[in-house]
Protein chains: 2
Amino acid sequence: MQKQEVTIYDVAREAKVSMATVSRVVNGNNNVRKETRDRVLAVIDRLHYQPNAVAQGLASKKTTTVGLIVPGFTNLHFAELSQGIDDIATMYKYNILLSSVENKLLEDDQVIQNLLNKQVDGVIYMSNQMSEKARNALIRTNTPVVLAGTMDSNPDFGSVAIDYEEAERTALNILYQDGKRNLALVLNDERAYVNDAHRVKAYKEFIAEHNLNSHIYPQVKSYEDGYKVFEQMHEDKIDGAIATRDMTAAGILNAAQDAGVKIPEELELISAASTMVAEIVRPKMTTIRQPLYDIGAVAMRMLTKMMNNEEVDDLHITLPLEVIEANTTLNK
Amino acid sequence: MQKQEVTIYDVAREAKVSMATVSRVVNGNNNVRKETRDRVLAVIDRLHYQPNAVAQGLASKKTTTVGLIVPGFTNLHFAELSQGIDDIATMYKYNILLSSVENKLLEDDQVIQNLLNKQVDGVIYMSNQMSEKARNALIRTNTPVVLAGTMDSNPDFGSVAIDYEEAERTALNILYQDGKRNLALVLNDERAYVNDAHRVKAYKEFIAEHNLNSHIYPQVKSYEDGYKVFEQMHEDKIDGAIATRDMTAAGILNAAQDAGVKIPEELELISAASTMVAEIVRPKMTTIRQPLYDIGAVAMRMLTKMMNNEEVDDLHITLPLEVIEANTTLNK
DNA sequence: ATGAAAGCGCTAACAG
DNA sequence: CTGTTAGCGCTTTCAT
């Protein structure tokens with residue numbers, strides 16, 4: 001950090017007013033005569049004065065900064081979400097302080113405490129399950145929080161997501177109606193990702209209801225994992241599968257084709273989180289699409305309201321999902 | 001931002017020392033008797049004291065925050081770079097203030113000015129060409145800057161990248177040695193991306209040297225653009241192409257296959273920026289790989305040195321590139 | 001409409 | 001080794 005060339009004090013002196021007046025001008029306070037305002041503005045312009053946001057933050061107890069907690073960057077899923085968040089944040093002049101919590105030595109409560117120390121005005125959390133400790137720190141400091149991409153009914157936090165149980169049922173129904181009876185659910189990490197837990201719940205209900213055998217493949221996290229898990233799925237005679245991530249679905253798809261399995265005749269595949277990857281693979285992947293950009297944008301918008309102490313009509317928003325039937329299902 | 005429950009002052013009173021002493025133990029200053037330190041630490045623990053980073057920033061003129069400027073989030077290319085940056089930043093206890101400059105109403109100088117107002121200790125810039133105005137603001141405030149993924153010899157800024165001209169020549173040589181003579185260069189945006197300009201330079205030199213015809217396809221920015229541009233390439237009888245982005249390369253690849261063109265026999269394809277996408281498509285894409293994670297990590301490491309006023313041996317680092325020959329080239 | 005003055009919570013000489 | 005004393009640059013009552 002460099003020494004600041006020109007401060008509010010310099011402007012005040014040059015414009016022959018008090019620093020309080022300069023502050024008013026800078027903050028758009030109306031209690032300034034137009035004449036005075038213009039004079040101050042001219043000096044600000046001439047001196048290239050720029051307010052020091054850190055000093056503003058200390059004095060006003062507002063930093064116009066929000067903390068964004070993501071599980072990692074390499075996941076396109078979260079890239080789209082971030083885009084929605086960033087666009088709205090920019091619109092409302094908030095900055096984003098970014099933290100990731102994957103493969104890290106840091107626990108989520110350390111990450112959150114750090115954000116809190118930096119005095120963020122609010123937090124968007126789009127990672128996996130939050131620890132009690134982290135949750136308490138957030139509540140104790142009374143910091144507004146919105147969970148993005150997570151179903152949650154906690155009254156302390158806002159949330160924006162789709163209905164993951166409905167997403168699962170929708171996908172299962174497609175497979176079932178195409179005559180598939182050996183249905184698999186390929187998961188990332190059930191314990192870490194709450195959404196996966198919802199999916200499991202809907203899956204188990206469906207399986208029970210239709211008297212089918214349960215085939216859950218956990219801990220399938222990457223393209224390679226997906227590629228590898230296919231072998232087991234093949235042994236298990238799976239004829240319809242739902243994967244919670246595009247990358248793993250792509251891995252299964254390619255492995256199946258390399259093994260000479262006909263898609264979708266012998267194996268139908270549905271990806272539950274859709275990114276560009278679903279469109280690039282051949283055949284194109286059928287997906288239950290979550291509106292990722294919208295989830296991010298709506299979450300950020302909700303957060304701005306909370307930070308501004310505005311009324312939030314609905315703390316828990318469920319966005320509609322979209323079914324995109326492509327060529328890894330029969331499309332009957 | 002909530003009112004701070006407990007301040008350094010409270011700790012001082014409870015521990016019966018001055019706030020200066022508390023400050024010392026918080027900052028790990030050795031000039032504190034072990035006994036005193038332990039007593040203060042105990043109080044800090046009991047009161048759950050957490051230092052206010054904003055106040056620290058104002059007083060010390062250091063925010064332990066760096067600005068990261070990216071061109072957008074949906075590009076996997078930059079996601080990997082960010083990962084490298086974030087890992088090192090976390091290691092050195094810096095936070096990342098994120099700004100994107102794509103499709104935005106904001107110019108880069110506004111984005112940078114905003115970051116400067118927030119008193120960031122340094123900036124990592126991994127976007128397209130920087131405006132004069134932005135550059136001057138950075139230099140005037142004496143803020144350390146590292147350009148990530150951009151070849152640059154500006155003595156004011158550090159830079160970490162691969163040699164994009166060499167990358168281009170390497171790719172061209174592969175195609176040429178496979179007997180291809182109608183070589184295309186598919187670009188994102190030559191004017192915006194400096195790297196593309198380097199590629200064009202190397203391409204034109206190669207074309208001239210070998211007496212070939214030049215085929216440059218500019219403004220191909222997305223998967224769809226790539227898919228569409230293939231038609232023109234087909235008319236132009238292109239038999240070897242280099243695309244600067246995986247997504248566009250994937251578009252061309254799929255379009256070609258949909259049109260019944262044999263890959264790689266009738267058309268060889270090389271992607272110049274490699275992400276997971278290159279591995280997912282079939283056939284697998286031959287790529288000239290940039291070590292994205294490393295570029296980010298090395299850039300951030302360099303920045304920490306600059307912020308710490310340490311000697312930086314080499315302000316402009318060129319990382320080695322890697323050729324991954326897969327199945328969109330003949331592999332002779 | 002404007003100014004004076006008191007902080008915001010912390011760091012950093014300087015003294016001792 | 002520890003305390004005292006100024007600020008850092010700005011916002012915000014409270015007067016006027």
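Proteins come first, then strands; the chains are lettered A, B, ... in the order of their sequence lines, and each starts at number 1. What you see is a predicted model; the values in this text were computed from it and never measured. Values below: all heavy atoms of this structure, side chains included; hydrogens, waters and symmetry mates excluded.
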Taking side chain to side chain contact (heavy atoms under 4.5 Å, CB included) as the definition, give me every residue that meets it alongside [X], ordered by chain and number, with sequence neighbours left out.
X	answer
B:D152	B:R135, B:L147, B:N154, B:S159
A:T318	A:D163
B:D109	B:E107, B:S131, B:K133, B:A134

* Asked: Hey, is the main chain of A:D86 close enough, under 3.5 Å, to the side chain of A:T90 for a donor-acceptor pair?
  -> yes
* May I ask you to decide if A:Q113's main-chain N or O and A:N117's side chain share a donor-acceptor pair within less than 3.5 Å? => yes
Phosphate contact ([N] OP1 or OP2) by [X] side-chain N/O below 4.0 Å:
X	N	result
A:T21	C:dG3	yes
B:T7	C:dG9	no
B:N52	C:dC10	no

* Asked: Between A:M130 and A:L138, is a side chain to side chain contact (heavy atoms under 4.5 Å, CB included) present by the stated rule, with each step listed?
  -> CA-CA 11 Å; A:M130 193 188 295; A:L138 254 6; 3.7 Å; yes
* Pair B:Y92, B:N308: side-chain N/O donor-acceptor within cut-off below 3.5 Å -> no
* Examine the side chains of B:D121 and B:T63 and answer whether a donor and an acceptor come within less than 3.5 Å of each other. => yes
* Structure fact -> Here the residues of residues 32-45 of chain B within 4.0 Å heavy-atom distance, strictly under, of DNA chain D are B:V32, B:R33, B:T36
* **Terminal axes of the helix from C:dA1-D:dT16 to C:dG16-D:dC1 (five pairs each): angle between them, nearest 10 degrees** => 30°
* Check whether any side-chain heavy atom of A:T7 sits under 4.5 Å from a side-chain heavy atom of A:N52, and report yes or no. => no
What pairs of nitrogen or oxygen atoms, one from the protein and one from nucleotides 11-15 of chain C, lie under 3.5 Å apart?
from   : atom 1 : to    : atom 2 : distance (Å)
C:dT11 : OP1    : B:N27 : OD1    : 3.4
C:dT11 : OP1    : B:N27 : ND2    : 3.1
C:dT11 : OP1    : B:Q56 : NE2    : 3.0
C:dT11 : OP2    : B:S23 : OG     : 2.7

